[in-house]
Asks: 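Got a structure here, written out as structure tokens. Questions coming.
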Amino acid sequence: MYLYAALICLIVLVFALLGVAKLLALGPMPELAAHAGFSTAAYRVIGALELAGAVGVALGPVMPLCGGLAASGLLLLLAGAVATHVRNRDGLAKLVPAVACGALVAWYLALLPGATS
């Protein structure tokens, strides 16, 4: 139970921080958006989706359907991130975080009580 709670906290923290950074175009986010082939406005949409996913994952233990849908959405976003890194030939250092986050979200989804019922 504690491991599951820690997993939820980690996912929520990662995606909330990344989502807010993209929404507010903080630090290197405008440059990262341009490198990925997105406008800052499009990157803000991705940030909003990440933030919504974080909220949904947090609600998952009490609303499994919401958690399952949020995790599925995050997996789709991460698949897009992996595809973008591969398309841009960014290398392993930029690809690994997206793959690792995908593994964490998939693990959350596998452990989510009632998500497959």
Asks: Could you grab the distance from atom CE of M29 to atom CD1 of I46, nearest 0.5 Å is fine?
Replies: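 Nearest 0.5 Å value for the CE-CD1 distance: 11.0 Å.
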Asks: Can you name the residues that form a side-chain contact (heavy atoms from CB on, under 4.5 Å) with S72, not counting sequence neighbours?
Replies: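 If we apply the side-chain contact (heavy atoms from CB on, under 4.5 Å) test to S72, skipping adjacent residues, the hits are L109.
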Asks: So which heavy atom on L112 is nearest to which on P64, and how close?
Replies: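 Scanning both residues, the minimum pair turns out to be CD2-O, 3.3 Å.
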Asks: Please list every donor-acceptor pair under 3.5 Å in which a side-chain atom of residues 95-108 meets a protein atom from a residue at least two apart or in another chain.
Replies:
residue, atom, partner, partner atom, Å
Y108, OH, V57, O, 3.0

Asks: If you look only at pairs with a residue in residues 53-66, which of them pass as a salt bridge (charged side-chain N to carboxylate O under 4.0 Å, His left out), with sequence neighbours excluded?
Replies: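 Output for this query is empty, none listed.
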Asks: Can you list the residues that meet the side-chain contact (heavy atoms from CB on, under 4.5 Å) rule with V45, with sequence neighbours excluded?
Replies: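 Counting only residues at least two positions away or on another chain, V45 forms a side-chain contact (heavy atoms from CB on, under 4.5 Å) with L49.
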Asks: Tell me if the CZ atom of R87 is crowded by more than 12 foreign heavy atoms within 6.0 Å.
Replies: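 Yes, the 6.0 Å shell around CZ holds more than 12 heavy atoms from other groups.
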Asks: Could you give the distance from NZ (K94) to OG1 (T84), rounded to the nearest 0.5 Å?
Replies: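 Output value for this atom pair is 12.0 Å.
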Asks: Strictly by side chain to side chain donor-acceptor pair (under 3.5 Å), give each pair with a member in residues 38-47 just once, sequence neighbours left out.
Replies: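 Checked against side chain to side chain donor-acceptor pair (under 3.5 Å) - neighbours excluded - no pair reaches residues 38-47.
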Asks: Could you tabulate the donor-acceptor pairs under 3.5 Å formed by side-chain atoms of residues 3-27, not counting sequence neighbours?
Replies:
residue, atom, partner, partner atom, Å
K22, NZ, E50, OE1, 3.1
K22, NZ, E50, OE2, 2.8

Asks: Is it the case that one hydrophobic cluster holds both L77 and F38, taking links as side-chain heavy atoms less than 4.5 Å apart, direct or via other members?
Replies: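 In one cluster: yes.
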